[in-house]
There are 2 protein chains.
Amino acid sequence: MASPIEGTAKTVTIRDVAAAAEVSIGTASKALNGRGRMRTETRDRVLAAAERLGFRPNPLAQGLLAGRTYTVGLVTGDSFGRFSIPVMLGAEDALGAGQISVFMCDTRDDPIRERHYVERLLARRVEGIIVTDRRTEPRPGIGRDLPVPVVYAMTQSTDESDVSIIPDDEGGGALAARHLLATGRTRIGHVTGPEGFQAARLRARGLASVLAAAGLEPAGEALFGQWSEEWGRQGADILLHAAPDVDAVFCGSDQIARGVAETLRDRGRRVPEDVALVGFDNWEPMVLGCRPPLTTVDMNLGEIGRLAARHLLDAIAGTPSGGGVTIVPASLVPRESTRRATPKG
Amino acid sequence: MASPIEGTAKTVTIRDVAAAAEVSIGTASKALNGRGRMRTETRDRVLAAAERLGFRPNPLAQGLLAGRTYTVGLVTGDSFGRFSIPVMLGAEDALGAGQISVFMCDTRDDPIRERHYVERLLARRVEGIIVTDRRTEPRPGIGRDLPVPVVYAMTQSTDESDVSIIPDDEGGGALAARHLLATGRTRIGHVTGPEGFQAARLRARGLASVLAAAGLEPAGEALFGQWSEEWGRQGADILLHAAPDVDAVFCGSDQIARGVAETLRDRGRRVPEDVALVGFDNWEPMVLGCRPPLTTVDMNLGEIGRLAARHLLDAIAGTPSGGGVTIVPASLVPRESTRRATPKG
DNA sequence: TTGAAAGCGCTAACAA
DNA sequence: TTGTTAGCGCTTTCAA
């Protein structure tokens, strides 16, 4: 059915099609776009010619006339890293379906490059811009009163009237906490990333508020450190020292959780029998490589991207969804590391 | 210095600039492009008007005339995964510098989607296409006699006349082997991914040929399995059983190496004192999270991307670099896991 | 039912 | 030195 893409070596214009079908250019255009009325025979002749010649309308010319480009820009400071990629894929999903193509730009987290790229995108007359970044912290917007709508995904603009779509870090923390409570844990510790990260603070807060609501004390203080396995190993030792009776650890990332898991093993604590473990990110290679496979929180990054794209499309269509921050709920992904503790004894 | 990007709310055409500067459109064009000769005063007046109005030339119109779009397409089957991203970044590097913008398309490894995207890219009159994929195996090309040049990066086209840029898996294996020999190891085992992967076979062959040249027997057979930590753990046990005197393991991926490292620990073998370990990929989170940090082989994916982009640019410029496969050398990244064994005793 | 002509924003010849 | 004109590929009036 689908013939391979081939041999349009030379570019075919509507002029060629018209000539081949022996009609005027205007007629050819109408035939190809199904506009106006004309004899079916004529239309068919044009379509056949177009088919035969492998005609592809030039979207530049079309866009020039329509004043549209059917393109958007995707700007990331994350070097298309672990977080921005799922967001991008979600966005591309939503955009690609609508015949919108995506220009990608990686700013390497450099404001000069960012500015440069935004200029270039605007020059190219993209119809909208999605900005993603590696941190959810509010960041300066990419420009004021830009001629096209902008949506921030997985990051926020400091300008509150801008549209931002972010994950629910606090909700994710709460989710993890409730899951641990539901599986019978009561002495819950927390090892997470640097306190300078909003994500770390919010996740900790989500945990803390659920514990408080349940009338429980946390097991030791929340331990802020690095986003690394190494820190997870250290943090676990600190935690075991501060709260030897800990029966669960909620970690700010899957990497940290792996480090914690290793130390627990080394110290003779079994996961999940003695200590349950919950990570954050649902980063598959980490989560599945962990012993045992790790229960974790998924931020639904793809959904963030899709939502960002949908907001952008709405704004492009002239029905902006109103500014402000949209928070996408997280999900809990249960695995072996929090299997219900068997009754003591 | 750099003022924030702002307020070009309404699109400004060269017509507006010409009117503001009280010159004809043609003159404005020449002034803006530095063509022809004219009074500096006039030129300055035009430039000032353009600046003041925030004029950005419409590249669609420019491209329409020049018959160029200054865009290329980047098609990946890898969902912008771990391998295609560095390649993409490298490509974007080389392209972005030259004012070329990149359309990204993710085919989700689906031939229908791929075809669809390629059609769309061609319709958009991209000037070239880079194809990346998750496997280096030769794959059917994206089309025959396309009107634009195509470069395959991190994958190969089955059509040998196509341009492909791939990593040096065999060389990487050899590099790892020589490094292990140089650090005094002689009983070298190999645990790697599925034999169905060219990458796995080539890496194994690189190791084997170096061992053979050194007159050494491998420690046990090459163990083909999965690209997972879990397999690394299993594989290590098999290896220890088959060749208890093994003093080094070369692994087909960093993930496998981590699994191997864990099993070695569990079995009381110290890394690197008793057994040295080399991975493959230089995937930082894996490599640095490993205990101890992992010596590994880096495929220089960024370089692959840059090279692909350069080939593409050459072809676009009309000086194609000739078809065929280009192999990019790998590098060894030494870390703790192969620290030289201290003399016995 | 079809064709001719204007024009999208721009550049490059050529004329003035 | 500047302005005028034609035309890139296409769509869309409007006239035939």
Side-chain angles (χ1 to χ4, degrees), chain A residues 8 10-50 53-71 99 122-127 147, chain B residues 8 10-50 53-71 99 120 122-127 147-148:
Chain A
T8 50
K10 177 77 181 61
T11 301
V12 180
T13 73
I14 198 171
R15 191 184 243 84
D16 303 321
V17 174
E22 298 183 323
V23 295
S24 74
I25 293 182
T27 304
S29 171
K30 273 180 266 180
L32 290 166
N33 294 291
R35 300 284 161 70
R37 58 194 46 155
M38 61 201 317
R39 274 191 301 168
T40 352
E41 191 275 327
T42 311
R43 171 155 298 156
D44 291 346
R45 194 147 37 87
V46 173
L47 294 177
L53 300 178
F55 170 72
R56 290 186 239 274
N58 184 331
L60 272 70
Q62 292 177 313
L64 184 56
L65 209 52
R68 300 197 53 179
T69 57
Y70 300 96
T71 59
Q99 299 289 345
L122 292 177
R124 283 206 184 269
R125 302 293 195 269
V126 295
E127 300 185 22
Chain B
T8 50
K10 178 77 181 60
T11 301
V12 180
T13 75
I14 198 172
R15 193 183 242 82
D16 303 321
V17 174
E22 298 182 323
V23 294
S24 76
I25 293 183
T27 304
S29 172
K30 270 180 268 181
L32 290 166
N33 295 291
R35 301 283 161 70
R37 57 195 48 157
M38 61 201 316
R39 272 192 301 167
T40 356
E41 192 274 328
T42 312
R43 172 156 295 154
D44 291 346
R45 192 146 39 87
V46 173
L47 293 178
L53 300 178
F55 170 73
R56 290 188 239 275
N58 184 332
L60 273 71
Q62 291 178 314
L64 184 55
L65 206 55
R68 300 197 53 180
T69 58
Y70 301 96
T71 59
Q99 298 289 344
R120 193 191 285 186
L122 293 177
R124 283 206 185 269
R125 302 294 195 271
V126 294
E127 299 184 22
V148 299

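Owing to the predicted nature of the structure, the values given are computational and were not obtained by experimental measurement. Basis for what follows: all heavy atoms, side chains included, without hydrogens, waters or symmetry-related copies. Order of the sequence lines sets the chain letters (A, B, ...), proteins ahead of strands, with each chain counted from 1.
Each of B/A61 and B/G26 has a nearest nucleotide on DNA chain D; the 5'-most of these lies closest to B/G26. In this structure, B/T27 and A/R15 both approach DNA chain D, and ranking their closest nucleotides by distance from the 5' end singles out B/T27.
Residue A/L32 contributes atom CG, which lies 9 Å from atom P of D/dC10 at whole-angstrom precision. Distance CZ (A/R124) to P (C/dC10): 15 Å, rounded to an integer number of Å. For the pair A/I14 CD1 and D/dC10 P, the computed distance is 6 Å after rounding to whole Å. When rounded to the nearest whole Å, the span between CZ of B/R68 and P of C/dT11 equals 15 Å. Atom-to-atom, CG of B/L60 to P of C/dC10 comes out at 10 Å; the value is rounded to the nearest Å. What separates CD of A/E22 from P of C/dT2 is a distance of 13 Å, to the nearest Å. Residue A/R45 contributes atom CZ, which lies 13 Å from atom C1' of C/dG3 at whole-angstrom precision. Here C/dA16 presents its P atom at 14 Å from NZ of B/K30, a figure rounded to the nearest Å.
Residue B/I25 is classed as a base contact, given a heavy-atom separation below 4.0 Å to a base.
Neither OP1 nor OP2 of C/dC8 sits under 4.0 Å from any side-chain N or O of B/T13. Applying the 4.0 Å criterion to OP1 and OP2 of C/dT11, one finds that B/R35 has every side-chain N and O outside that range. At the phosphate of D/dT11, OP1 or OP2 sits under 4.0 Å from a side-chain N or O atom of A/S29. The phosphate of C/dG9 (OP1 or OP2) has no side-chain N or O of B/Q62 nearer than 4.0 angstrom. One finds no side-chain N or O of B/N58 lying less than 4.0 angstrom from the OP1 or OP2 phosphate oxygen of C/dC8.
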| Run the side chain to side chain contact (heavy atoms under 4.5 Å, CB included) check on B/V148 and B/L122 step by step: do they pass? | CA-CA 8 Å; B/V148 299; B/L122 293 177; 3.8 Å; yes
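In this structure, A/R124 and A/T69 have side chains that are not in contact, with every pair of non-hydrogen atoms separated by 4.5 Å or more. Residues A/N58 and A/T13 are not in side-chain contact: their nearest non-hydrogen atoms beyond the backbone lie 4.5 Å or more apart.
Side-chain proximity of B/R39 to the nucleotides D/dG9, D/dT1, C/dG9 is greatest for D/dT1. Out of D/dT2, C/dT2, D/dT1, the shortest distance to the side chain of A/M38 is found at C/dT2. Listed nucleotides C/dT2, C/dT1, D/dT11 differ in distance to A/R37; the shortest reach to its side chain belongs to C/dT1. Listed nucleotides C/dT1, D/dT2, D/dT4 differ in distance to B/S24; the shortest reach to its side chain belongs to D/dT4. Closest to the side chain of B/L65, from the set D/dC10, C/dA13, C/dT11, is C/dT11.
In this structure, CE in A/M38 is found 10.0 Å from CG in A/D44, a value given to the nearest 0.5 Å. To the nearest 0.5 Å, atom CD1 of residue B/I25 and atom CG of residue B/D16 are 9.0 Å apart.
For the side chain to side chain contact (heavy atoms under 4.5 Å, CB included) with A/Y70, the qualifying choice from A/E127, A/Q62, A/Q99 is A/E127, the only one to do so.
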